[in-house]
Amino acid sequence: MIQLGTNERVLLVIRRHWFSFLGALVIFALLFVGPPLALLVTPYYLPFAITEEVHAVAFFLLALYLMAVLTAMLLTWSIYYLDTWIITDQRLIDIDQHGLFRRDISEIPLERIQNISIEIPGFIATVLHFGNLKIQTAGESDFTIVEVPDCYEAKELILQYSRRAGGKNL
Amino acid sequence: MTPFTALISLLVIGLAVEAFIVAAIIYHLRKYTLPGWTVARTVVATYLTLSVILLGMAIYWLLRVPETFRIST
């Protein structure tokens with residue numbers, strides 16, 4: 001598990017907005033519901049397509065298929081869940097999850113944050129209140145958190161604790 | 001190999017692959033989340049429950065495969 005310092009306190013955990021997971025969720029829902037429905041209605045429209053002999057085999061393969069879809073769903077969700085930003089009162093931990101076995105973990109001490117800018121990428125982001133946070137740091141490359149829910153509140157919180165930690169350019 | 005043996009092989013291989021993937025997911029969720037978080041545990045428990053139900057269905061339908069599929073051709 002992620003180890004925090006003795007006096008370190010987690011202020012906020014940021015994950016991408018649920019909207020970024022919606023597309024995958026809809027696809028998985030269709031994959032999960034579609035084939036069982038097709039198999040159930042097929043005997044009504046094509047009475048000779050599924051004979052009694054292949055009936056058990058078809059349902060056996062359907063159960064295996066649903067297990068595979070369920071596992072793929074869990075895998076996709078875990079990648080979404082592990083791709084996170086953890087803001088503590090001392091640092092910002094960025095875990096970029098690119099697949100199950102590939103991730104980049106970086107840390108920024110709050111006192112090194114120089115500036116934070118917000119980008120709202122479009123209509124849906126405006127309506128659902130999410131955006132991209134670009135964090136400029138002293139001596140390091142910029143960090144970007146994409147599709148942050150309630151990005152204005154997140155920005156204010158990071159700036160507030162960065163000032164307390166001694167950030168001078170804010 | 002009879003069709004029935006092929007179905008059993010499919011089940012065993014499928015289970016082995018899924019067990020590997022799920023073990024890797026649980027390992028990463030344990031290692032890279034903060035202590036005390038219950039969301040990941042709840043999701044994994046739900047997944048395992050659904051998987052056991054589906055596995056039960058698969059075994060149920062496998063046992064109902066007709067005799068003609070169990071005879072070598």
Side-chain angles (χ1 to χ4, degrees), chain A residues 1-4 8-15 21 28 32 35-36 39 50-88 93-105, chain B residues 2-71:
Chain A
M1 291 185 179
I2 294 167
Q3 296 301 318
L4 300 175
E8 195 171 10
R9 193 163 54 93
V10 174
L11 303 172
L12 186 66
V13 177
I14 298 175
R15 288 195 179 80
F21 192 64
F28 279 121
F32 203 81
L39 194 61
I50 297 182
T51 61
E52 199 174 322
E53 280 191 321
V54 297
H55 187 260
V57 176
F59 274 88
F60 167 76
L61 293 175
L62 178 70
L64 284 191
Y65 164 81
L66 291 178
M67 283 172 73
V69 172
L70 202 63
T71 307
M73 204 186 297
L74 179 71
L75 182 63
T76 308
W77 175 83
S78 65
I79 291 168
Y80 163 79
Y81 187 77
L82 289 169
D83 190 44
T84 183
W85 283 68
I86 300 167
I87 300 161
T88 74
I93 305 165
D94 171 23
I95 305 172
D96 274 334
Q97 193 76 25
H98 300 293
L100 191 55
F101 294 100
R102 187 173 160 237
R103 79 196 58 77
D104 299 323
I105 302 175
Chain B
T2 65
F4 187 69
T5 320
L7 292 178
I8 291 175
S9 305
L10 193 65
L11 178 65
V12 171
I13 292 167
L15 280 180
V17 171
E18 285 196 15
F20 171 74
I21 293 172
V22 173
I25 289 171
I26 292 171
Y27 168 79
H28 285 93
L29 286 175
R30 277 179 63 85
K31 192 167 183 185
Y32 296 106
T33 51
L34 288 166
W37 285 10
T38 55
V39 177
R41 286 183 201 164
T42 309
V43 170
V44 170
T46 308
Y47 164 82
L48 290 176
T49 308
L50 289 173
S51 284
V52 168
I53 292 169
L54 288 170
L55 179 63
M57 281 173 59
I59 292 170
Y60 172 79
W61 287 110
L62 185 67
L63 295 175
R64 289 174 68 96
V65 167
E67 289 293 326
T68 48
F69 277 76
R70 305 186 189 204
I71 300 164

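Letters A, B, ... mirror the listed sequences (proteins, then strands); counts begin at 1.
Only the side chain of A/Leu61 comes within contact range of chain B, judged by heavy atoms closer than 4.5 Å. For a residue to count as touching a neighbouring chain, one of its non-hydrogen atoms must lie under 4.5 Å from one of that chain's; by this rule A/Ala58 does not touch chain B. Contacts between A/Leu82 and chain B at a heavy-atom distance below 4.5 Å involve the side chain alone, from C-beta outward. For a residue to count as touching a neighbouring chain, one of its non-hydrogen atoms must lie under 4.5 Å from one of that chain's; by this rule B/Leu55 touches chain A with backbone and side chain alike. Neither the backbone nor the side chain of A/Ile79 has a heavy atom closer than 4.5 Å to any heavy atom of chain B.
Between B/Trp61 and A/Phe59, the ring centre distance stays below 6.0 Å.
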- [ ] Show your working on side chain to side chain contact (heavy atoms under 4.5 Å, CB included) between A/Leu70 and A/Phe32 and close with a plain yes or no.
- [x] CA-CA 8 Å; A/Leu70 202 63; A/Phe32 203 81; 3.9 Å; yes
- [ ] May I have the step-by-step check of side chain to side chain contact (heavy atoms under 4.5 Å, CB included) for A/Val57 and B/Leu7, ending in yes or no?
- [x] CA-CA 8 Å; A/Val57 176; B/Leu7 292 178; 4.1 Å; yes
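When the candidates B/Gly56, B/Gly14, B/Ala24 are compared by the number of heavy-atom contacts under 4.5 Å with chain A, B/Ala24 comes out ahead.
Looking at heavy atoms from C-beta onward, A/His98 lies out of side-chain contact with A/Asp83 at the 4.5 angstrom threshold.
With hydrogens and angles ignored, the 3.5 Å screen pairs a side-chain donor or acceptor of B/Glu18 with a backbone N or O of A/Ala68.
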